[in-house]
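Naming: A, B, ... by sequence-line order, numbering from 1 per chain. The figures that follow rest on heavy atoms only: side chains count, while hydrogens, waters and symmetry mates do not.
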Protein chains: 2
Amino acid sequence: MTQAQPAPAPAPEGSWLGDALPPVRLTKAQSRVVDALVLNPKLASYADLSEIAAKAEVNGSSVVRTAQALGYRGWPDLQRELRARYLVHISATAPLTHLVEVRSPVHDSLLHDVENLREAVESIDPEAAQAAVDALCSAKRILVVAQGSYAAPAVVLAHLAATMGYPATFEGRSGVHLASAVSSLGPGDVLVVVHLWRSLRQLVTAARRAKEAGATVIAITDLRFGPVARASDHALIVPSEGVYAFQSATAATSVAYGLLAGMEAKEPERVREGLERTSSLWRDFDLYEA
Amino acid sequence: MTQAQPAPAPAPEGSWLGDALPPVRLTKAQSRVVDALVLNPKLASYADLSEIAAKAEVNGSSVVRTAQALGYRGWPDLQRELRARYLVHISATAPLTHLVEVRSPVHDSLLHDVENLREAVESIDPEAAQAAVDALCSAKRILVVAQGSYAAPAVVLAHLAATMGYPATFEGRSGVHLASAVSSLGPGDVLVVVHLWRSLRQLVTAARRAKEAGATVIAITDLRFGPVARASDHALIVPSEGVYAFQSATAATSVAYGLLAGMEAKEPERVREGLERTSSLWRDFDLYEA
DNA sequence: GAATTTCTGCAATAGCAAGTGCAGCAGATC
DNA sequence: GATCTGCTGCACTTGCTATTGCAGAAATTC
């Protein structure tokens, strides 16, 4: 707990605050509030007005007025800003901090997904990842299923695996289509289920039945002990917190690329041949400009 | 005795929660709350009761009762605990990330895509992003086109925009299908072209013709001065370096989420209604387990 | 298949946190 | 040294958020 000395102006740079506190002329009490905020990031991010006031040894109204003097509507408004910066600060390394100045929903989403990817580095079990790669490489057939927006990672995996010459297909429909696709799976085949958030009945059923039929089931999902993960042989757990109402499949998408890279690392020769075959087809189809 | 025998217990260990959630018998709604908390650490640590309730799609009272069932006095009490653990978790793990010696293709891919996202923070022009959001919100119709693995971001954008009630569709096929889809575009419509790497003839043509017909064209692409970007009204430039042979659409995917968040920010009321309509349909279709 | 038990959601309530008018006081200025 | 300006703190008000009682809805058991 530091006694506030009449600070000249809000710390301009160098701190975790960035430009959250514009260089406005502040009064004595207001400087004490700012000092308290700068020195107690955690408190500043989560405490309520009265706690901040106590820490700065000023009256609550001074906290409110400080926030307003800095251009915010009030304390909650300022706190939101501080919280966002603090969270970025403690989890980011140096290069990121200076970027935080650009704020838009798109930038927020990118920064948020950076966190998801970092988390994924921890949540993905390397052994499960390797086991998944091994299974994919030795599969007689690979079926990737997912629904709605979670098709994103699934499409990456299926399309590019096929591009590399693996017998991979994607089924994004449910009902009868999913049923047909799953019914043909058996020993030696691999089913990849991509799903986040609340479990979809049909996907869980697909996983269970495929496993019963002797296929290897790989799950890319966000709940370590959810139904999808439990119905799988190898579960890759990805974080999925999104910036708005939806869960983010960004980390799952990156995992898909990682699996593909793992397949290449394991069977470079086979992949090289597969890619060559595919790209010669691309040439013959004359798909690309220039 | 107890009626349902729902989720056995919250995720025991390995996650950021530690033993914050004791292994208590939980009901259906309570498991949903716990799942939402586990999957959305940031939200869980700062959001208020109503936001958590919305995320878990339960009534606020269920959130309170979940907290009490877990041995806390109420939601604020549980939130304090979660917040503390989350902060410890991110500050403990974040600096560690570089030191982490887990090397697998999947981990390489994740770390690689972290860089892509960070670069995207710089390469995305905030004004273009806002312009894209504005166009999407006021569109009579939204058509999202992409091919192969680049369908990933496109599917996210189209599916979730439609979920939010916007008239969005995705066309992932080329040839006659792409032609039909594009031919109906005119003034007031928006075409979103997602494409990385070498330009596909048909996509460039689609963009040009749509623009000629008076539609607004948004490009999500990696070449700032490539044909796709030049044929567009608003270009969002994303880095796309992949860990192996393929370009990574991970950053593009995150951008898609960002656009959706931007649309919500601009028209919260409309989106809320749209989401409600969709989720009532989900309920009627009885898609989800438990 | 009926009854009982248990859960969920709604709505009213209680409690609290943020904001603001007012008065006193301190510092600045003439 | 007197006056004036304007900051600070107190106390009140307003608005909102967490909680809980209650009723309807599932679901389990007999």
Spacing of A/His234 atom NE2 and A/Thr216 atom OG1 [to the nearest 0.5 Å]: 5.5 Å
Rounded to the nearest Å, what distance is computed from the [atom1] atom of residue [X] to the [atom2] atom of nucleotide [N]?
X       : N      : atom1 : atom2 : answer
B/Arg65 : D/dA18 : CZ    : C1'   : 12 Å
B/Tyr46 : D/dT17 : OH    : P     : 15 Å
A/Leu49 : D/dT8  : CG    : C1'   : 14 Å
A/Ile52 : C/dA17 : CD1   : P     : 13 Å
B/Asp48 : D/dT19 : CG    : P     : 12 Å

Would one find a side-chain N or O of [X] under 4.0 angstrom from OP1 or OP2 of [N]?
X       : N      : result
A/Thr27 : D/dT8  : yes
A/Asn59 : D/dT8  : no
B/Gln79 : D/dA18 : no
A/Lys28 : C/dA26 : no

Salt bridge (Lys or Arg N to Asp or Glu O under 4.0 Å) between A/Glu51 and A/Lys55, worked out: CA-CA 6 Å; A/Glu51 289 182 77; A/Lys55 183 59 104 178; over 6 Å; no
Secondary structure string for DNA chain C (Watson-Crick or G-U under 3.5 angstrom, | for other-strand pairs): ||||||||||||||||||||||||||||||
Within 6.0 Å of CZ in A/Arg209, more than 12 heavy atoms from elsewhere: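 Not more than 12 within 6.0 Å, no.
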Sugar-phosphate only, base, or nothing, as touched by B/Ser62 at under 4.0 Å among non-hydrogen atoms: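 Touches sugar-phosphate only.
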Touch class at under 4.0 angstrom, heavy-atom based, for A/Val58 against every strand present: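 Sugar-phosphate only.
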Minimum heavy-atom distance B/Ile142-B/Leu136, with the two atoms named: CD1-O, 3.6 Å
